[in-house]
Structure formats: structure tokens, C-alpha cells
Amino acid sequence: AKMEGGKRFRFYAREMNARALERMDLEHELRQAIERGELELHYQPQVDLRGGQVIGAEALVRWPHPAHGLMMPGAFIPLAEESGLIVELGEWVLRRACLQNRAWQDAGLPPISVAVNLSARQFAACDLVSLTDGILRETGLNPNLLELELTESAAMLDTTAFIKATKRLKDLCVSLSLDDFGTGFSSLSYLRRFDIDRLKIDRSFVRDIVHDPDSAAIVTTIVALAHNLNLAALAEGVETEAQLRFLRSCDCDEIQGYYFSRPLTVADFERLLASARRL
Ligand code: C2E
Ligand code: CA
Ligand code: CA
Ligand code: CA
């Protein structure tokens, strides 16, 4: 039966209220989880295609939630972005990842670089450069072993400020990569103005390279573009042997994806590094 106007409104209002309250709860819980250091980082290996060895790892945040289980970033990063909590979350991730890599170096594991995802809002809200500098000093991590993953959306927010920040980050000797390359709206002219080291080819192109000639052409072209600009090309989301073969054939430098390994807990990643497993 059709609800009468007023009733229908009250129904929707109640629904919306419930959802808003749920959101506020989650936001409150996330703030607490950050403050109490309850988030976790998992690490996904990045592998050199020529030598086959692990050369780096991307730090990916997880939230072990008492009621919802292990929450993936898709379930809370958008909330963190909207609420501004991403700034604190991002600072925690950066510090944690640097501390962790320093500990791996101290333990005598093979040197690798750890890549940290940065949100566009971190560029706007804080002095990312002095934050990074401070964390590097505090942890004593070799800046060459830190990579920051930027997205085109960060560049588009305030291009001038972004270019300045990336220059100063390069002065600190950290590496910079452009994440999800090919999916943004930015123009290629950005590539001339940013001093970056690596393009990460988005998973959506890699997924179809074997069956879709257009995706294959795009990936081949991005790899060539990267090399012509003196950048490394890393393919994300590599899942199959056939994709790997294609990426070798177009001279891609590095891969990351389930084919080699899913993101791993600290303990599992340490075991992998110590075992020196190769592609
Ligand atoms: P991203 O930066 O593109 O990270 C790669 C995502 O692809 C990860 O998802 C990873 O688990 C997944 N992946 C890797 N290899 C494969 C594969 O072979 N197949 C498939 N289907 N997926 C693969 P995850 O961990 O769920 O993270 C999702 C996104 O959340 C990330 O996308 C990133 O944008 C964001 N994120 C994660 N950690 C952080 C963080 O610390 N800070 C910020 N600002 N964002 C983060
Ligand atoms: Ca990333
Ligand atoms: Ca990506
Ligand atoms: Ca360069």
C-alpha cells in the first residue's frame, strides 16, 4: 500500500537518521582506532621483471574492527577523506611504514623501498614536506627507501602547490610514483612538470591486456612513454602468467599483483623477504 506523504517522509527521515548515526559512530571509532594505533599495515611485494627479486612493497592500511572484522580501505578511506580524518590516518601510515622499513633494514633483510599512498587532502591540509622530513629523521630510515604514491587528483587540487611540494620531496631524496596512471583526467603535460620516478599502470588496463587489443596498446604505450621520459613503469594488478608474459614482451620494469603475492601481514612479508623468493 502507498504510504501517505507525511508518513513516507518520516520513514525516510528515520532511515537517513539511522544511516547518519551509523556514519558518526564509525567516524568516532575510526578516530579512536587511529589515536590508539589500532590500524594495521599489510605489505604487497613489488617485483623486478628482469631479476625477479622483490624490490619494494606497497603499504596498504587495514582496520581490524571488533564487530566488523578486518575492514578493507574501501570501507573506511572514503569516510576518512570526507571527515578529514585522512590527515591523521595518513600521518600514522607514513610513520608506521617508515618505522617498519627501518626495522627490516636493522634486521639485515635485503633493502627494499616501501611505498605509501598519499591522499590529495594531505597536500592541502598539512605541510607534507616537513612532516615527511620529520618522520625520516625520527625513524632514521634512508630516504631512498621511501616512496610516496601520488594521484592525479592531488595534482589537480592545486597544481602550483603540488609541483612545489613534489620538488621539495625530491630534495629529501624520497621517490615519487604516480598511482592509477591512465584513469585520471590530467593532461600529459603534467608529466613534464612533476619530477616523478615511476608510473603505476592502473589495474583496469592490465586486467584486459591479454584479450583486449586496446588495453594492450594502452599498456604498451604507457611503458614506452615512461621510458622515453626516463621513468620506470610498474604494472598493478597482475594476476596471470599470460599477463606477465605480455608485460615482459613490452619491457615493463616491475609488477605488483596476486600472481606473485597478495598483500601480506608483517610476519608473512618478513618470511617472504627472508626466503628471497623470486618471480
Ligand atoms: P591502490 O593504491 O590502487 O592499491 C592497490 C589495491 O589493489 C589494493 O587494494 C590491493 O590489495 C589491490 N590489488 C593488488 N593486486 C591485485 C590483483 O592482482 N588483483 C586485484 N583484483 N586487486 C589487487 P586495497 O588494499 O583494498 O586498497 C584499495 C585502495 O585503498 C588503494 O588502491 C588506495 O587507493 C587506498 N588505500 C590503501 N591504503 C591506503 C592508505 O594508507 N592511505 C590512503 N590515502 N589510501 C589507501
Ligand atoms: Ca597505491
Ligand atoms: Ca593503484
Ligand atoms: Ca626522475
Side-chain angles (χ1 to χ4, degrees), residues 30 33-34 37-47 54 56-64 69-101 113-126 128 131-132 135 146-154 157 175-184 196-210 219 222 233-244 247 254-265 268-269 279:
L30 180 58
I34 298 167
E38 289 168 356
L39 301 182
E40 277 177 17
L41 293 180
H42 286 193
Y43 293 88
Q44 188 176 34
Q46 301 177 325
V47 183
V54 175
E58 179 174 4
L60 296 158
V61 70
R62 307 288 183 252
W63 179 11
L70 190 69
M71 286 176 73
M72 302 300 278
F76 62 92
I77 288 283
L79 172 71
E81 296 265 5
E82 285 159 33
S83 62
L85 274 176
I86 192 71
V87 176
E88 278 120 297
L89 186 151
E91 180 175 338
W92 181 85
V93 170
L94 187 59
R95 181 171 285 109
R96 189 71 230 139
C98 288
L99 273 170
Q100 184 63 72
N101 202 12
S113 105
V114 166
V116 171
N117 290 284
L118 292 183
S119 138
R121 294 201 48 169
Q122 284 177 271
F123 278 88
C126 64
L128 189 64
L131 177 70
T132 306
I135 289 177
L146 173 64
E147 177 159 309
L148 300 176
E149 297 198 359
L150 319 169
T151 57
E152 289 163 315
S153 60
L157 225 56
S175 303
L176 302 179
S177 61
L178 201 50
D179 203 1
D180 307 331
F181 187 74
T183 58
I196 53 167
D197 303 283
R198 171 178 289 103
L199 296 183
K200 295 193 77 178
I201 306 169
D202 192 67
R203 192 170 82 214
S204 58
F205 301 114
V206 175
R207 189 184 52 219
D208 300 328
I209 42 179
V210 178
V219 169
I222 295 177
L234 179 148
E236 295 190 287
V238 177
E239 292 182 353
T240 68
E241 171 109 52
Q243 290 167 342
L244 182 70
L247 291 161
E254 294 143 16
I255 61 151
Q256 183 183 336
Y258 296 170
Y259 180 77
F260 185 76
S261 170
R262 293 187 171 253
L264 301 172
T265 62
D268 285 343
F269 186 78
L279 187 62

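We count ligands from 1, going down the list as the structure has it; atoms in each ligand are counted the same way. Note that the numbering runs from 1 along the sequence shown for the chain.
- Here the straight-line distance linking atom CG of Leu89 with atom OG of Ser119 works out to 9.5 Å at 0.5 Å rounding.
- Within the structure, ring pair (Phe, Tyr, Trp, His ring centres under 6.0 Å) contacts touching residues 73-98 (residues at least two apart or in different chains) are Trp63-Phe76.
- Residues with a heavy atom under 4.0 Å from ligand 1: Gln44, Glu58, Leu60, Val61, Arg62, Met72, Pro73, Ile77, Ile86, Val93, Asn117, Ser119, Asp179, Asp180, Arg203, Glu236, Gly237, Val238, Glu239, Gly257, Tyr258, Pro263.
- Closest approach of Leu118 to Leu128, counting heavy atoms only: CD1-CD2, 3.4 Å.
- Counting only N and O atoms by type, the side chains of Gln256 and Gln44 include a donor and acceptor under 3.5 Å apart.
- The heavy-atom pair separating Val219 from Val206 by the smallest distance is CG2-N, 4.4 Å.
- At a threshold of 4.5 Å between non-hydrogen side-chain atoms, the residues Leu41 and Val114 do not count as touching.
- Across all non-hydrogen atoms, the minimal contact from Glu239 to Tyr258 is OE2-CD1, 3.8 Å.
- Listed here is the closest heavy atom pair of Val61 and Pro73: O-CD, 3.2 Å.
- Judged as a side-chain contact (heavy atoms from CB on, under 4.5 Å), and not counting sequence neighbours, the contacts of Glu40 are His42, Arg62, Pro64, Leu70.
- Near-neighbour remark for the Ca ion (ligand 2): protein N, O or S atoms under 3.0 Å are Glu58 OE2, Asn117 OD1, Glu149 OE1, Asp179 OD2; waters not counted.
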